[in-house]
Amino acid sequence: MTDLLELRDQIDEIDREIVRLFEKRMDVCRQVAEYKIANGKKVLDREREMEKLKVLGGLAHNDFNRHGVQELFQQIMSMSRKLQYQLLAKEGVSGSLPFTQIERIDRKHCRVVYQGVEGAYQHQAALEYFGEDVNIFHMDNWRGCMEAIKEGMADYAVFPIENSSAGEVNDIYDLLEEYENYIVGEQILKIHHALLGVPGAKLSDIRTVCSHPQALMQCADYLERQGWEQEQVANTAMAAEKVAADKDRTKAAIGSLAAAKHHGLQVLREQINDNRLNSTRFIIVTNRKMYEKDAKKVSICFELPHKSGSLYSILSHIIYNDLNMCKIESRPIPDHNWEYHFFVDFDGNLNDSAVKNAIRGIMEEAVNFKILGNY
């Protein structure tokens, strides 16, 4: 039997030869890129790659090796494309991203829209981001806010996108994909849910509690102990407004202290949310393709061919350019069973070469790609 050390020596020798051949191949790929630059050709030729993978797989002598060879050369071809994208960027022929860099958003001389009524958490987030004196108004629903900035009725809109306890606000992702509006900022707001009743009410009087579904979820432990009936409404501020209007001592709302003050309600219990560190991330959206000079996060969305390895291939552009992906979400594509929009956040600025390279690669290989914003 051959000694294990001898086998390892053989592997080392083969590996050195693989590295030598890989570098030789990449040198030829560099020449291919130079030809494509000179002749205005696209980097990705999907039909040629698929045909070549079929041919290479046919050279293997069993099914296991065939799959291995095709997977290996998929990665080699991916490395080749990334090299070509970098060379295109260095030569200045990869195209500029259609976003304008600005020094700073003017938070004073603007008009802002949010969904809900005064005292809602979205209202509070808007005031924290833009200041107490901002020109602000509200709409009944999120789509109305999107329409308001699309049509120029407002310069910015404020939307909740994620809660640390209840997760993502899926409807906002759908609207971001649908509208040509873009994220330019974010605001993290600590959520302190309080139980609000009419003046003179006591905890022992309460039979029904109403609020937004996520607020009810975030206070599930407390509500389960009380055994009250639950009623869902559009948002926490509307819940407070409803309780104030009904003037019923048996009804309470879950909302903010600001909502209690605005609607003249009594705070029956403070901080009833299960997680005392509960926070919601709000995004600031506009209809202009712009980003602040010191923006640090990029959000994108895209669809993918419905085939094995397509998501891995796309995300490899982020990995290869040494970028940190901080979030990925998926949403079903209407009328396309088991196909999805993907939403990805990663660290970086649209002016960074690594970000440009990653985006160029993703744009070439994904379907319906969109930059949602840099903020």
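Counting begins at 1 with the first residue of the sequence. All of these numbers come straight from a predicted model, not from anything done at the bench.
One distance of note links CG of L87 with CZ of R30; it measures 5.0 Å at 0.5 Å rounding. Rounded to the nearest 0.5 Å, atoms CD (Q115) and CG (D171) are 10.5 Å apart. To the nearest 0.5 Å, atom CZ of residue R249 and atom CD of residue Q266 are 8.5 Å apart. Here the NE2 atom belonging to H212 is positioned 9.0 Å from the CE atom belonging to M217, to the nearest 0.5 angstrom. Atoms CD1 and CZ, on I300 and F302 in that order, are 5.0 Å from each other to the nearest 0.5 Å.
Screening residues 160-188 for ring pair (Phe, Tyr, Trp, His ring centres under 6.0 Å), with sequence neighbours left out, gives F99-Y182, Y173-F343. Applying the salt bridge (charged side-chain N to carboxylate O under 4.0 Å, His left out) definition to pairs two or more places apart or across chains, those involving residues 175-194 are R143-E178, E186-R281, E186-K297.
Residues V298 and F369 share a single hydrophobic cluster, defined by chaining ILVMFWY side chains whose heavy atoms lie under 4.5 Å apart. In the hydrophobic cluster analysis, where Ile, Leu, Val, Met, Phe, Trp and Tyr join through side-chain heavy atoms closer than 4.5 angstrom, Y291 is grouped together with F346. Residues I188 and V169 do not share a hydrophobic cluster, clusters being chains of Ile/Leu/Val/Met/Phe/Trp/Tyr side chains in contact below 4.5 Å. V355 and I362 fall within the same hydrophobic cluster, where Ile, Leu, Val, Met, Phe, Trp and Tyr residues are linked whenever their side-chain heavy atoms come under 4.5 Å apart, directly or through other members. Follow the hydrophobic side-chain contacts under 4.5 Å out from Y320 and you reach F22 in the same cluster.
Clustering of Ile, Leu, Val, Met, Phe, Trp and Tyr by side-chain heavy atoms under 4.5 Å joins L195 with L203, I206, V209, L216, Y222, L223, W228, I254, L268, I272. Other members of the cluster containing V112 are I102, I105, Y114, Y121, L127, Y129, F130, V134, I136, Y156, V158, V184, L189, I191, F282, I284, M290, with ILVMFWY side chains joined at under 4.5 Å, either directly or via other members.
M77 has its side chain within reach of K52: a pair of non-hydrogen atoms, C-beta onward, lies under 4.5 Å apart. By the 4.5 Å heavy-atom criterion applied to side chains, L323 and D347 are not counted as neighbours.
Applying the side-chain hydrogen bond (donor to acceptor under 3.5 Å, both in side chains) rule to D174 yields the partners R331; only residues at least two apart in sequence or on another chain are considered. In terms of the salt bridge (charged side-chain N to carboxylate O under 4.0 Å, His left out) criterion, residue partners of E231 (sequence neighbours excluded) are, by chain and number, K242. A search for side-chain hydrogen bond (donor to acceptor under 3.5 Å, both in side chains) contacts involving E13 returns nothing, not counting sequence neighbours. For S299, the side-chain hydrogen bond (donor to acceptor under 3.5 Å, both in side chains) test picks out D345, Y375, with sequence neighbours left out. For E224, the salt bridge (charged side-chain N to carboxylate O under 4.0 Å, His left out) test picks out no residue, with sequence neighbours left out. Partners of N163 under the side-chain hydrogen bond (donor to acceptor under 3.5 Å, both in side chains) rule, at least two apart in sequence or in another chain, are Q218, N278, T280.
Under a 3.5 Å cut-off, the side chain of D221 and the backbone N or O of D274 do not form any donor-acceptor pair. Here the side chain of D27 pairs no donor or acceptor atom with the backbone of E23 at under 3.5 angstrom. Side-chain atoms of D3 come within 3.5 Å of backbone N or O of L5 as a donor-acceptor pair. Using modelled atom types, one side-chain atom of N374 and one backbone atom of G348 make a donor-acceptor pair closer than 3.5 Å. Side-chain atoms of N39 never come within 3.5 Å of backbone atoms of K36 as a donor-acceptor pair (strictly under, hydrogens ignored). S316 contributes a side-chain N or O that, together with a main-chain N or O of S313, makes up a donor-acceptor pair within less than 3.5 Å. A distance-only check finds a donor-acceptor pair linking the side chain of D248 to the backbone of T250 [under 3.5 Å]. Under a 3.5 Å cut-off, the side chain of H263 and the backbone N or O of L265 do not form any donor-acceptor pair. In this structure, S279 contributes its side chain and L277 its backbone to a donor-acceptor pair below 3.5 Å. In this structure a side-chain-to-backbone donor-acceptor pair under 3.5 Å is present from N321 to H317.
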Given R111 and D155, is the salt bridge (Lys or Arg N to Asp or Glu O under 4.0 Å) satisfied, shown in steps? CA-CA 5 Å; R111 189 161 167 77; D155 299 299; over 6 Å; no
Checking E329 against K327 for the salt bridge (Lys or Arg N to Asp or Glu O under 4.0 Å) test, could you report, in this order, the C-alpha distance in whole Å, the side-chain angles of both residues, the deciding distance, and whether it holds? CA-CA 7 Å; E329 297 293 336; K327 189 174 183 62; 3.0 Å; yes
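Applying the 6.0 Å contact sphere to CG of D294 captures more than 12 heavy atoms from other residues, nucleotides or ligands. Counting non-hydrogen atoms of neighbouring residues, nucleotides and ligands closer than 6.0 angstrom, the CD atom of Q75 exceeds 12 such neighbours. At most 12 heavy atoms of other shown residues, nucleotides or ligands fall within 6.0 angstrom of atom CD in E47. Within 6.0 Å of OH on Y312 lie no more than 12 heavy atoms contributed by other residues, nucleotides or ligands.
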Distance-only donor-acceptor pairs under 3.5 Å for side chains of residues 334-341, two or more places apart:
| residue | atom | partner | partner atom | Å |
| --- | --- | --- | --- | --- |
| H336 | ND1 | P334 | O | 3.0 |
| H341 | ND1 | E303 | OE2 | 3.4 |

With a 3.5 Å cut-off and sequence neighbours excluded, list the donor-acceptor pairs that the side chains of residues 53-65 form with protein atoms.
| residue | atom | partner | partner atom | Å |
| --- | --- | --- | --- | --- |
| N62 | OD1 | F64 | N | 3.2 |
| N62 | OD1 | N65 | N | 2.7 |
| D63 | OD1 | R66 | NH2 | 3.4 |

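Under 3.5 Å, the side chains of S78 and Q74 contain no donor-acceptor pair of N or O atoms. Between the side chains of H192 and Q271, a donor-acceptor pair is found at a separation under 3.5 Å. S211 and Q232 form no side-chain donor-acceptor contact under 3.5 Å, judged by distance and modelled atom types alone.
Shown here for V267 and A194, the closest heavy-atom pair between the two residues is CG1-CB, 4.2 Å. Taking each heavy atom of M146 and L176 in turn, the nearest pair found is CE-CD2, 3.9 Å. Closest approach of S80 and C29 over heavy atoms only: OG-SG, 3.0 Å.
Electrostatic pairing of E118 and K261 does not count as a salt bridge here, judged by no charged N lying under 4.0 Å from a carboxylate O.
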